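These figures come from a predicted structure and were not determined experimentally. Counting from 1, the numbers follow the sequence of the chain as shown. Side chains are part of it too, since the values below use all heavy atoms of this structure and drop only hydrogens, waters and symmetry mates.
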Amino acid sequence: MSPWKQLPDALDPRARHLVVQLRRLKDHRGLSLQALASRTGYSRSSWDRYLNGRVLPPQQAVVAFARACDADAERLLALHELAVAATDGTKGAVRGKGPGRPRNPEPAGQAGTAGQIERAERAVRAGAALKPGVPEGEPGNGDGRSGLRPWVIASVAAAVTVLTVLTALLVITPGHGGEEHGGEAQGGHVATADSAATDPEQQPFVFRPGKDHPCPVHRDDDGLLYAGYSKTRTALIGKGSTQWAVVEAQCLLRHHGFPPGLADGIFGSRTERAVKRLQRDAHLVVDGVVGEDTWGVLRK
C-alpha cells in the first residue's frame with residue numbers, strides 16, 4: 001500500500017540504495033513532501049524528483065534532509081558519495097543509454113573500484129560512519145584505488161563487535177514485564193513478543209503483510225492511554241506513513257471505537273477514514289492526519 005512510484009529500472013543499485021534509505025527516513029518521520037520542502041529549503045517538486053530516482057539530490061540537500069529527519073548525516077553523505085560515483089558524477093540518477101555510452105561500462109582497470117564501492121556500502125549498512133570527501137582507496141596500489149583504508153576495516157570490525165555484544169545482551173536479558181511482574185507490565189498490560197521491543201526509536205519497523213498487531217491498550221501512571229508501541233504525543237503521521245507510531249494510533253483508534261482495519265503499521269485509506277471520524281467527533285480540523293491535537297484525543 002506504499003504511495004511511492006516504482007524506481008526506474010535503469011537506476012544504478014547504489015543510487016537506488018540511497019533513494020530507498022531517504023524514502024524510509026521520510027516515512028519514519030511521517031513527513032509529507034511539502035513539510036520536507038519547508039524544513040530543507042528545497043522545493044516540493046525537487047524532492048519529488050530526488051525521491052523517485054529521476055535526479056540525485058545535491059550534497060547540501062542531503063545534509064538538509066538529515067537535519068530535517070534527525071538522521072545520521074555522515075551515513076547519508078557516504079551513501080550519496082557512492083551514488084555519485086556510480087552515476088559517473090552526473091546530476092542525473094539514471095545512467096544514460098544513448099549512442100557513445102555502453103549500456104554497462106566496466107573498464108578492466110576499474111574492477112577494483114566497483115569492489116571497493118560494494119565493500120564500503122556494506123560497511124555503511126553495518127553502521128560504519130564513512131567520512132564524506134575522503135578517498136576510499138589505499139594510495140600506492142597501482143591505480144590508487146584497489147584497497148580499503150585501514151579506518152574502514154577498523155570501523156567494520158568495531159561495528160561487528162558492538163552487534164555481537166548487543167545480541168548477547170538481548171539473549172540474556174529477561175523480557176519486558178517478565179520475572180519482575182510475573183508476566184504483566186504495570187497497569188495490567190500483558191507483555192508480548194511484539195510489544196516488548198516496539199519502540200520505534202529502539203527497533204526499526206518492518207511491515208509484515210496480514211499482520212494484525214495485538215492492542216493491549218492500558219492507562220499508564222501519567223493518566224494517558226498507551227498500546228505499547230510508541231509513547232509519542234507529537235509525531236506527524238498521515239496516509240503512506242509506515243512506522244510503529246502508526247500501529248500505536250491504529251490501536252488507540254480501535255480502542256475509541258473508530259476501527260481502522262488491521263493494526264499493521266501502514267497508514268492507508270481505512271486508517272485515514274477512522275482518523276477523520278475521530279477528528280469530526282472531537283471537533284478538530286478534519287484532515288486525516290494525526291498530529292499533536294489528534295494524539296491528545298487518542299491518549300485520553
Margin query: Apply side-chain contact (heavy atoms from CB on, under 4.5 Å) to residues Asn52 and Arg23 and explain how you reach the verdict.
Written below: CA-CA 9 Å; Asn52 283 298; Arg23 285 180 170 188; 3.2 Å; yes

Margin query: To the closest 0.5 Å, what do you measure between CG (Leu278) and CZ (Arg273)?
Written below: 15.0 Å

Note to self: side-chain contact (heavy atoms from CB on, under 4.5 Å) for Leu22 and Phe65? Distances and angles first, verdict last.
What the structure shows: CA-CA 8 Å; Leu22 294 177; Phe65 180 94; 3.5 Å; yes

Next item on the list: For Asp222, enumerate each residue passing the side chain to side chain donor-acceptor pair (under 3.5 Å) test, keeping only those at least two apart in sequence or located in another chain.
Entry: Tyr226

Return all side-chain donor-acceptor pairs below 3.5 angstrom for residues 232-239, not counting sequence neighbours, or 'none' if the list is empty.
unit_1, atom_1, unit_2, atom_2, d
Thr232, OG1, Thr234, N, 3.3
Thr232, OG1, Ala235, N, 2.9
Lys239, NZ, Ser269, OG, 3.1

Item checked: Heavy-atom pair of closest approach, residues Gln6 and Asp9 -> NE2-OD1, 4.0 Å

Next item on the list: Report yes or no: does Arg67 contribute a side-chain atom to a donor-acceptor pair with the main-chain N or O of Thr40 at less than 3.5 Å?
Entry: no

Check: What is the minimum heavy-atom distance between Cys215 and Ala263, and which atoms define it?
Finding: SG-CB, 3.9 Å

Next item on the list: Give a yes or no on whether Val63 and Leu36 share a hydrophobic cluster (residues Ile, Leu, Val, Met, Phe, Trp, Tyr; joining criterion: side-chain heavy atoms under 4.5 Å apart).
Entry: yes

Checklist line | Heavy-atom pair with the smallest gap, counting every atom of Arg44 and Ala37 | finding: N-CB, 3.6 Å

Note to self: I need the minimum non-hydrogen distance between Ala15 and Ala83, along with the two atoms involved.
What the structure shows: CA-CB, 3.7 Å

Check: When hydrophobic residues are tied together by side-chain contacts of less than 4.5 Å, even through go-betweens, does Val275 share a cluster with Val217?
Finding: yes

Checklist line | Taking every non-hydrogen atom, the tightest pair across Leu31 and Lys26 | finding: O-NZ, 2.7 Å

Item checked: Interatomic spacing from CD in Glu74 to CD in Glu81 - rounded to 0.5 Å -> 11.5 Å

Check: Among the clusters formed by ILVMFWY side chains lying less than 4.5 Å apart, do Leu224 and Leu284 turn up in the same one?
Finding: no

Notebook entry, point to check: Can you name the nearest heavy-atom pair linking Cys69 to Arg29, along with the distance?
Noted result: O-NE, 2.9 Å

Next item on the list: Treat each ILVMFWY residue as a node, draw an edge where side-chain heavy atoms are under 4.5 Å apart, and state whether Leu76 and Leu33 are in one component.
Entry: yes

Notebook entry, point to check: In terms of ring plane angle, is the pair Trp47 and Tyr42 parallel, tilted or perpendicular, where the classes change at 30° and 60°?
Noted result: perpendicular

Next item on the list: Report yes or no: does Asp287 contribute a side-chain atom to a donor-acceptor pair with the main-chain N or O of Val289 at less than 3.5 Å?
Entry: yes

Report, one line per pair, each donor and acceptor closer than 3.5 Å where one atom sits in a side chain of residues 245-258; sequence neighbours left out.
unit_1, atom_1, unit_2, atom_2, d
Glu248, OE1, Gly228, N, 3.4
Glu248, OE1, Tyr229, N, 2.9
Glu248, OE1, Ser230, N, 3.1
Glu248, OE2, Ala227, N, 2.9
Glu248, OE2, Arg299, NH1, 2.5
Gln250, OE1, Asp264, N, 3.0
Gln250, OE1, Gly265, N, 3.0
Gln250, NE2, Asp264, OD1, 3.4
Gln250, NE2, Ile266, O, 3.1
Gln250, NE2, Thr271, OG1, 3.1
Arg254, NH2, Asp212, OD1, 3.2
Arg254, NH2, Gly261, O, 2.8
His256, NE2, Leu298, O, 2.9
His256, NE2, Lys300, O, 3.4

Checklist line | Evaluation steps, side-chain contact (heavy atoms from CB on, under 4.5 Å), between His213 and Arg208 | finding: CA-CA 10 Å; His213 293 279; Arg208 287 179 282 173; 3.8 Å; yes

Check: Counting only N and O atoms by type, is there a donor-acceptor contact under 3.5 Å from the side chain of Arg16 to the main-chain atoms of Pro8?
Finding: yes

Next item on the list: From the options Val84, Leu56, Leu82, select the one residue that forms a side-chain contact (heavy atoms from CB on, under 4.5 Å) with Leu18.
Entry: Leu56

Notebook entry, point to check: Are the side chain of Gln279 and the backbone N or O of Gly288 linked by a donor-acceptor pair below 3.5 Å?
Noted result: yes

Note to self: Check whether Trp244 reaches the backbone of Gln203 with its side chain - one donor and one acceptor, N or O, closer than 3.5 Å.
What the structure shows: yes

Notebook entry, point to check: Should we count CZ of Arg24 as having more than 12 external heavy atoms under 6.0 Å?
Noted result: no

Margin query: Would Val290 and Trp295 count as a side-chain contact (heavy atoms from CB on, under 4.5 Å) here? Give the steps.
Written below: CA-CA 6 Å; Val290 179; Trp295 279 117; 3.4 Å; yes

